[in-house]
Amino acid sequence: MRLLSGIQPSGKLHLGNYLGAMRPQIEMQDQGHECFYFIANYHAMTSLSNAALMEEYTQGVALGYLALGLDPVKTVFFRQSDVPEVTELTWILSCVTPIGLLARGHSYKDKVAQGLSPNHGLFAYPVLQAADILIYKAHAVPVGQDQKQHIEMTQDIQAKFNAAYNCEVLIRPEPMIRQTVAVIPGVDGRKMSKSYDNTIELFGPEKATRKRIMSILTDSTPVEAPKDPDKCNVLALLKGLASESEIKEWENRYRSGGMGYGEVKKRLADLFFEVLGPARKKHEELLKHPDEVERILADGGRRARAVAQETMREVRKACGLKTSHS
Ligand code: ADP
Ligand code: TRP
């Protein structure tokens with residue numbers, strides 16, 4: 001099965017990205033799937049217009065994936081902008097995408113509700129995402145729960161294109177969402193997201209990261225009182241990192257009382273560094289070898305582009321678009 005996914009370089013990588021998206025994606029590469037993972041820098045332009053930050057965050061996502069175990073030989077790992085054909089497909093798909101479909105987008109509506117004055121890129125964001133997915137003829141898209149609607153929009157756009165041109169060039173992708181870790185809460189209990197400034201960074205300095213974990217919002221149940229394990233942000237995060245048997249133990253301790261939240265926060269902090277320690281070390285190493293990272297991205301870009309160019313030949317033919325190049 002061919003899988004495709006992307007992450008925007010619009011901030012620093014956090015635990016929500018890791019548990020909700022990157023870890024499952026990396027696991028897939030070892031389960032015999034053909035994976036295409038990319039850094040969605042064109043998408044990030046809808047919220048970021050600072051060249052230095054764009055470069056820094058792009059490098060951050062590249063280093064993050066590689067440090068966390070993405071294997072660039074097995075997986076085609078690339079920057080979105082190394083495949084400019086995707087913008088051409090975006091235009092073609094725009095012409096079969098109803099305005100109403102985009103107007104219903106949660107992500108668009110949320111950003112407008114937050115007071116962001118919307119540009120066309122933000123509105124058309126799902127069309128670019130559809131182009132990303134359809135240009136590689138991906139069968140499935142491993143993402144976090146928040147991306148489900150975007151994949152459904154891709155399915156609609158794919159059907160519209162094939163119907164409009166009476167062809168079967170584009171194939172229907174399915175979302176692939178891990179229900180167990182659907183939405184990771186941030187330190188304030190809302191969804192962990194860089195836009196809420198409530199994240200636990202993956203590669204931040206140790207002291208600040210420990211402090212951040214100790215600051216996770218909990219209720220004010222006294223130490224001796226029983227606590228509800230299903231309503232605790234700390235335990236929700238611990239569930240992403242600890243073994244099932246350890247979680248069971250903590251759940252029992254919550255229910256019987258006599259345990260303070262400080263204790264479980266301390267365990268979460270230790271476990272964070274235990275689980276992410278090797279990746280953090282590799283991240284430091286990679287920081288010293290930017291040329292190697294660039295070589296990997298360039299190679300992935302070439303492999304991805306070859307697939308995209310093939311799809312575009314079929315798409316142009318279906319649409320009756322002639323070009324002087326192939
Ligand atoms: P952010 O919300 O911080 O801007 P992105 O939208 O860039 O994060 O998300 C990148 C990937 O990480 C997506 O596949 C998304 O589903 C996943 N992801 C982000 N935050 C979370 C979270 N809190 N829980 C689960 N998955 C998440
Ligand atoms: N919209 C996705 C996010 O914010 C990033 C993304 C862009 C993506 N193109 C994609 C994810 C294609 C999956 C497939 O996380």
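Computed from heavy atoms alone, side chains included, the values below leave out hydrogens, waters and symmetry copies.
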Does the distance from a Lys or Arg side-chain N to an Asp or Glu carboxylate O, for [X] and [Y], drop under 4.0 Å?
X    : Y    : value
E263 : R253 : yes
E246 : K239 : no
D82  : R305 : no
R79  : E294 : yes
K74  : D30  : yes
E292 : R295 : yes
D156 : K160 : no
D197 : R212 : yes
D270 : R210 : yes
R316 : E85  : no

With a cut-off of 3.5 Å and sequence neighbours excluded, list every side-chain donor-acceptor pair involving residues 51-67.
residue: T58; atom: OG1; partner: M54; partner atom: O; Å: 2.6
residue: Y65; atom: OH; partner: Q25; partner atom: OE1; Å: 2.5

Flag if over 12 foreign heavy atoms under 6.0 Å of [atom1], [X]:
X    : atom1 : answer
E168 : CD    : no
K282 : NZ    : yes
E244 : CD    : no
M45  : CE    : no
K231 : NZ    : no

If every non-hydrogen atom of [X] is compared with every non-hydrogen atom of [Y], which pair is closest and at what distance?
X    : Y    : value
V141 : P173 : CG2-CB, 4.2 Å
S5   : V143 : OG-CG1, 3.5 Å
R280 : P205 : NH2-C, 4.1 Å
K137 : R2   : O-CD, 4.2 Å
V169 : A318 : CG2-CB, 4.1 Å

Under 3.5 Å: donor-acceptor pair, side chain of [X], backbone of [Y]:
X    : Y    : result
N198 : D188 : no
T87  : P84  : yes
N162 : L170 : yes

4.5 Å side-chain heavy-atom contact, [X] and [Y]:
X    : Y    : result
L286 : V293 : yes
P24  : P142 : no
Q129 : I151 : yes
R255 : P229 : yes
I92  : L321 : yes
I216 : I213 : yes
M192 : V183 : no
R302 : D299 : yes

Measuring from [X]:[atom1] to [Y]:[atom2], what's the distance to the nearest 0.5 Å?
X    : Y    : atom1 : atom2 : answer
L134 : I171 : CG    : CD1   : 8.5 Å
E88  : Q309 : CD    : CD    : 10.0 Å
Q149 : S107 : CD    : OG    : 8.5 Å
L202 : L68  : CG    : CG    : 6.0 Å
Y254 : D230 : OH    : CG    : 10.5 Å
K148 : M153 : NZ    : CE    : 13.0 Å

Is it possible for you to say whether [X] and [Y] belong to one hydrophobic cluster, with membership spreading through side-chain heavy-atom contacts below 4.5 Å?
X    : Y    : answer
L19  : Y196 : no
M214 : W250 : no
I26  : V73  : no
W91  : M312 : no
V223 : Y261 : no

Which of these, V187, L238, L217, sits in a side chain to side chain contact (heavy atoms under 4.5 Å, CB included) with N233?
-> L217
For Q80 and H43, run side-chain hydrogen bond (donor to acceptor under 3.5 Å, both in side chains): C-alpha distance rounded to whole Å, both residues' side-chain angles, the deciding distance at 0.1 Å, then the answer.
-> CA-CA 9 Å; Q80 192 178 29; H43 275 108; 3.2 Å; yes
Please report the C-alpha distance between E206 and K211 in whole Å, then the side-chain angles of each, then the deciding distance to 0.1 Å, and finally whether the salt bridge (Lys or Arg N to Asp or Glu O under 4.0 Å) criterion is met.
-> CA-CA 9 Å; E206 174 158 357; K211 209 167 150 198; over 6 Å; no
Could you go through the ring-ring contact (aromatic ring centres under 6.0 Å, His included) check for F36 and Y136 one step at a time?
-> CA-CA 8 Å; F36 283 64; Y136 302 106; 5.4 Å; yes
Does the pair Y18 and L276 meet the rule for a side-chain contact (heavy atoms from CB on, under 4.5 Å), with working shown?
-> CA-CA 10 Å; Y18 173 61; L276 289 155; 4.1 Å; yes
Does the pair H14 and I200 meet the rule for a side-chain contact (heavy atoms from CB on, under 4.5 Å), with working shown?
-> CA-CA 5 Å; H14 56 73; I200 297 169; 5.7 Å; no
Worked check of side-chain contact (heavy atoms from CB on, under 4.5 Å) between L128 and T46 | CA-CA 11 Å; L128 176 58; T46 59; over 6 Å; no
Answer yes if the ring centres of F77 and Y37 are under 6.0 angstrom apart, and no otherwise.
->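 Not close enough - the centres of the two rings lie 6.0 Å or further apart.
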Does the side-chain contact (heavy atoms from CB on, under 4.5 Å) test come out yes or no for F78 and V83, once each step is laid out?
-> CA-CA 9 Å; F78 62 104; V83 187; 4.0 Å; yes
Just by distance, with hydrogens left out, do [X] and [Y] show a side-chain donor and acceptor under 3.5 Å apart?
X    : Y    : result
H139 : E174 : no
E34  : Q29  : no
Y125 : Q8   : yes

Quick one: sort the H283 and F203 rings into parallel, tilted or perpendicular, breaks at 30° and 60°.
->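 Rings of H283 and F203: parallel, under 30°.
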Verdict with reasoning, K317 to E314, per salt bridge (Lys or Arg N to Asp or Glu O under 4.0 Å) = CA-CA 5 Å; K317 187 158 179 249; E314 294 173 39; over 6 Å; no
